[in-house]
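Here the structure comes first, spelled out in structure tokens, and everything after it is commentary.
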Amino acid sequence: MSSSSPDSCAKDRTTLIVTFLITLALAALYACSVGIVAIWPDSLLYADRARHLLEEGRLASSAGSTSSYLPLYSLVLAVAFSVPDFLMTHQILIGIQVIIIASVFFPISGLLSRSPDLGKMEVAALAAIATLSSAALPYATMLGAQALFIPLFIWFTYFYDKFLREPNKNNAVWSAVLLAFMLLTLQTAWIVYAAVVLTELTRAPRNKHAWKVILLPLIAAGLWEAYSVFALGLPFALPELNFNNGLARFNFFKNGLVYLCYVGMPLAGLAFIISIFSKKTNAWPNTWNNALFRFACLTLLGALLYLVFANDIIVERKLDYITNRVIEPFVILPFILFMRLQPQSRKEITANSLLVFFCLMIFGLPYNLKTDFLTGMSYWSQSLAIANLGIIRNVVYLLLICLPIIMLWWKPKWFVTTYACVAALLTFSNLMQNQTVWSMNEDGNFRYVNADAFAQSKDIKEAKAVYADNNCSAAQSSDIAYLFRCNDLNKLLYFTPRMATPKTAQELKATTLGDNEFVLFTSSENDNAFGKSVAEIGLGKLMRVEKGDLAAMQKTPLVFIKRAESLGRYINVRIAEKMERVTLLGPNATLHIDADQAGCVEMNAAFAADDNETNANGKAVEFILNDRLVKKASFKPVITGVPAAIAVLLRVQAGENVLKLGYKAPPNANGNIRASLFMFARLTFKPCN
């Protein structure tokens with residue numbers, strides 16, 4: 001036996017390494033096909049801090065940041081940004097994030113190896129599926145701190161599980177270091193920290209090394225706060241509490257629990273929840289006396305409570321993106337614990353979970369509780385055109401997850417195989433859905449940004465200075481461009497070779513330039529496009545401003561959108577086979593714009609209509625400006641039609657100007673066109689010719 005043991009261990013190691021390499025290759029293939037997605041304004045603040053680190057040698061950040069934007073992810077970005085070639089920067093960033101995410105294969109396999117009935121091949125397969133799950137892998141393609149936080153959490157769980165079983169100094173230090181790294185990556189790490197503290201306080205007997213796990217991360221977080229407040233001058237920020245009404249709180253608990261039930265790992269979360277209330281002592285060894293089980297319960301409960309009191313966004317009875325970002329790092333816990341149940345307990349609890357899921361689906365339908373496997377992916381996926389497909393998905397999902405349950409009762413040894421196949425299928429379908437969404441969205445995806453043009457641009461290389469008009473002070477409810485303006489301007493800065501200096505368009509007027517000198521100026525659609533346009537991303541423009549342009553600026557009003565009424569937020573809509581950023585126009589909308597002086601500007605807009613409900617295709621729709629007919633045009637359906645362009649000369653006065661925007665329905669629509677059917681796209685102002 002002693003002679004075969006080394007061979008067996010070598011074979012097991014080979015199995016893990018080969019499976020990991022396959023997993024890494026699949027993750028890299030997915031990430032390269034998607035590219036880097038930058039959709040969150042706070043993500044660009046991390047990139048901004050990385051630029052400061054490279055160019056100033058300190059973890060500073062531009063206006064709009066607080067101490068709550070933590071530094072560790074910026075260090076990862078700084079490694080990629082240190083390369084001057086932009087294309088290489090993207091490739092390095094994708095490579096770093098893919099490797100970090102894929103590395104969780106090893107701690108997951110280590111956690112699964114303690115299952116009482118899993119073989120090495122089964123452990124490797126399940127670890128690969130969990131690594132590629134849609135709760136983890138998509139973050140490898142996003143410019144967001146979750147790409148670092150999720151791997152740190154899973155590695156921490158691995159070492160903390162070892163510490164709970166073998167409470168020695170080595171495991172305590174590793175747990176403390178990883179927990180400290182988490183506290184320096186995302187604010188939601190305090191959920192994990194609180195769960196650890198409560199777990200350690202309720203352990204008996206107390207371990208002499210527990211203080212390291214509790215105290216060392218707290219010291220690290222305190223040092224960062226001191227540095228950011230006193231050395232960087234950043235304002236101290238605690239999470240804001242939003243005490244929602246009872247219905248909103250219930251909605252978060254409901255969605256959170258539903259999401260936990262199946263996020264590519266069917267029934268694991270629900271089985272975990274039922275095991276909490278199980279009276280069978282063999283479900284978990286003494287259930288609550290099992291420290292890892294208690295830690296998992298406290299972590300998941302903390303995540304739900306955080307959502308209840310720190311977020312007030314409810315999106316049409318389904319999960320919003322903040323809910324996803326908070327819960328997703330922790331969904332691995334139910335899966336690990338589910339697989340570590342005793343076989344007989346897993347059989348009984350999982351069968352009960354299926355019955356509960358049936359009831360949840362049936363009784364949830366009248367209340368529009370969307371209990372299909374796409375619910376948790378609502379932010380990463382798009383709604384399907386046919387409403388009944390949601391019910392079809394429910395039925396297909398139930399049929400799929402019935403297969404491993406049947407195996408538990410009929411051929412128990414086949415359970416893991418069928419479960420792995422079902423989980424792999426759901427993971428694959430979610431990843432393909434994500435890939436489709438991002439590949440269509442040019443606004444948020446760096447893969448479709450012409451990075452080569454940025455890298456080869458002489459204007460960018462030879463500019464005297466780079467200035468940024470990054471005005472983010474407007475309230476979210478009063479500026480129609482708020483959600484994207486700062487994000488797009490920061491995306492432009494992401495490509496520039498050096499830090500941009502904050503300077504408003506008004507301040508730019510006072511800049512002195514020589515005859516052959518020029519500067520670059522990043523601005524949004526709300527300002528006049530002075531100078532030659534060098535590059536554009538979304539709503540942000542990078543302009544080459546010369547001496548002559550500065551002279552023209554003295555004579556032209558600077559226009560900024562101050563407030564909009566009956567004009568919806570920007571959304572992404574597929575128009576003429578391309579994702580376009582548009583905002584919804586009401587029949588009677590009002591736009592308040594500020595001008596620094598009286599003069600003439602040209603307003604440019606584009607309009608499209610949806611033919612699905614109004615039958616407006618080919619019918620004349622009148623566009624109204626300040627109660628006067630501007631244009632009478634025939635609109636085509638959004639999906640196939642090209643938006644109709646309208647350019648209007650405006651005489652503006654100094655101060656606030658009010659524009660009344662609207663449209664009149666074609667006669668056959670009986671004057672009743674829904675606001676969502678007309679898109680008011682990319683409003684821009686520029687000097688009159």
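Using a distance-only test at 3.5 Å, with no hydrogens or angles considered, a donor-acceptor pair links the side chain of Gln554 to the main chain of Lys509. In this structure a side-chain-to-backbone donor-acceptor pair under 3.5 Å is present from Arg49 to Leu59. Using modelled atom types, no side-chain atom of Thr185 and backbone atom of Leu72 make a donor-acceptor pair closer than 3.5 Å. A donor-acceptor pair is defined here as one N or O able to donate and one able to accept, closer than 3.5 Å; no such pair exists between the side chain of Gln597 and the backbone of Leu558. No donor-acceptor pair under 3.5 Å is formed between the side chain of Ser523 and the backbone N or O of Ala468. Of the possible polar contacts, none joining the Thr556 side chain to the Met553 backbone as a donor-acceptor pair under 3.5 Å is found. Checking side-chain atoms of Gln97 against main-chain N and O of Met142 turns up a donor-acceptor pair under 3.5 Å.
Under the rule for a salt bridge (charged side-chain N to carboxylate O under 4.0 Å, His left out), the partners of Arg58 that lie at least two apart in sequence or sit in another chain are Glu56. Every residue meeting the side-chain hydrogen bond (donor to acceptor under 3.5 Å, both in side chains) condition with Asp515, not counting sequence neighbours, appears here in chain and number order: Lys547. Taking the disulfide bond (SG atoms under 2.5 Å apart) definition, one finds that Cys32 meets it with nothing, sequence neighbours left out. Tyr73 meets the ring pair (Phe, Tyr, Trp, His ring centres under 6.0 Å) test with Tyr46; sequence neighbours excluded. Checked against side chain to side chain contact (heavy atoms under 4.5 Å, CB included), Lys660 has the following partners two or more places apart in sequence or in another chain: Asn626, Asp627. Shown here are the side chain to side chain contact (heavy atoms under 4.5 Å, CB included) partners of Ala647, two or more places apart in sequence or in another chain: Glu602, Asn604. Remark: Asn657 pairs with Ile593, Ala595, Val652, Gln653 by the side chain to side chain contact (heavy atoms under 4.5 Å, CB included) rule, at least two apart or across chains. Looking at residues two or more places apart in sequence or on another chain, you find no ring pair (Phe, Tyr, Trp, His ring centres under 6.0 Å) involving Phe518. With sequence neighbours left out, the side chain to side chain contact (heavy atoms under 4.5 Å, CB included) criterion links Ala31 to Ile94, Val98, Thr141. Every residue meeting the salt bridge (charged side-chain N to carboxylate O under 4.0 Å, His left out) condition with Glu517, not counting sequence neighbours, appears here in chain and number order: Lys464. Here Ser533 pairs with nothing under the side-chain hydrogen bond (donor to acceptor under 3.5 Å, both in side chains) rule; sequence neighbours left out.
The shortest heavy-atom contact between Val534 and Asp459 is CG2-OD2, 3.6 Å. A pairwise comparison of heavy atoms in Ala140 and Ile101 identifies CB-CG1, 3.8 Å as the closest pair. Scanning both residues, Val601 and Pro557, for their nearest heavy atoms gives CG1-O, 3.9 Å. Shown here for Leu649 and Cys688, the closest heavy-atom pair between the two residues is CD2-SG, 3.8 Å. Of all heavy-atom pairs spanning Asp549 and Arg544, the tightest one is OD2-O, 3.6 Å. The nearest pair of heavy atoms linking Glu507 to Pro502 is OE1-O, 4.4 Å.
For the pair Leu542/Ile460, a side-chain contact is recorded, criterion being any heavy-atom separation below 4.5 Å from C-beta on. Between Tyr467 and Val545 the shortest side-chain heavy-atom distance does not fall below 4.5 Å.
Checked options Leu54, Leu148, Leu143; the residue passing with Leu77 is Leu143 (criterion: side chain to side chain contact (heavy atoms under 4.5 Å, CB included)).
Screening residues 134-145 for salt bridge (charged side-chain N to carboxylate O under 4.0 Å, His left out), with sequence neighbours left out, gives no hits.
The distance from the CZ atom of Phe149 to the CD1 atom of Ile100 is 14.0 Å, given to the nearest 0.5 Å.
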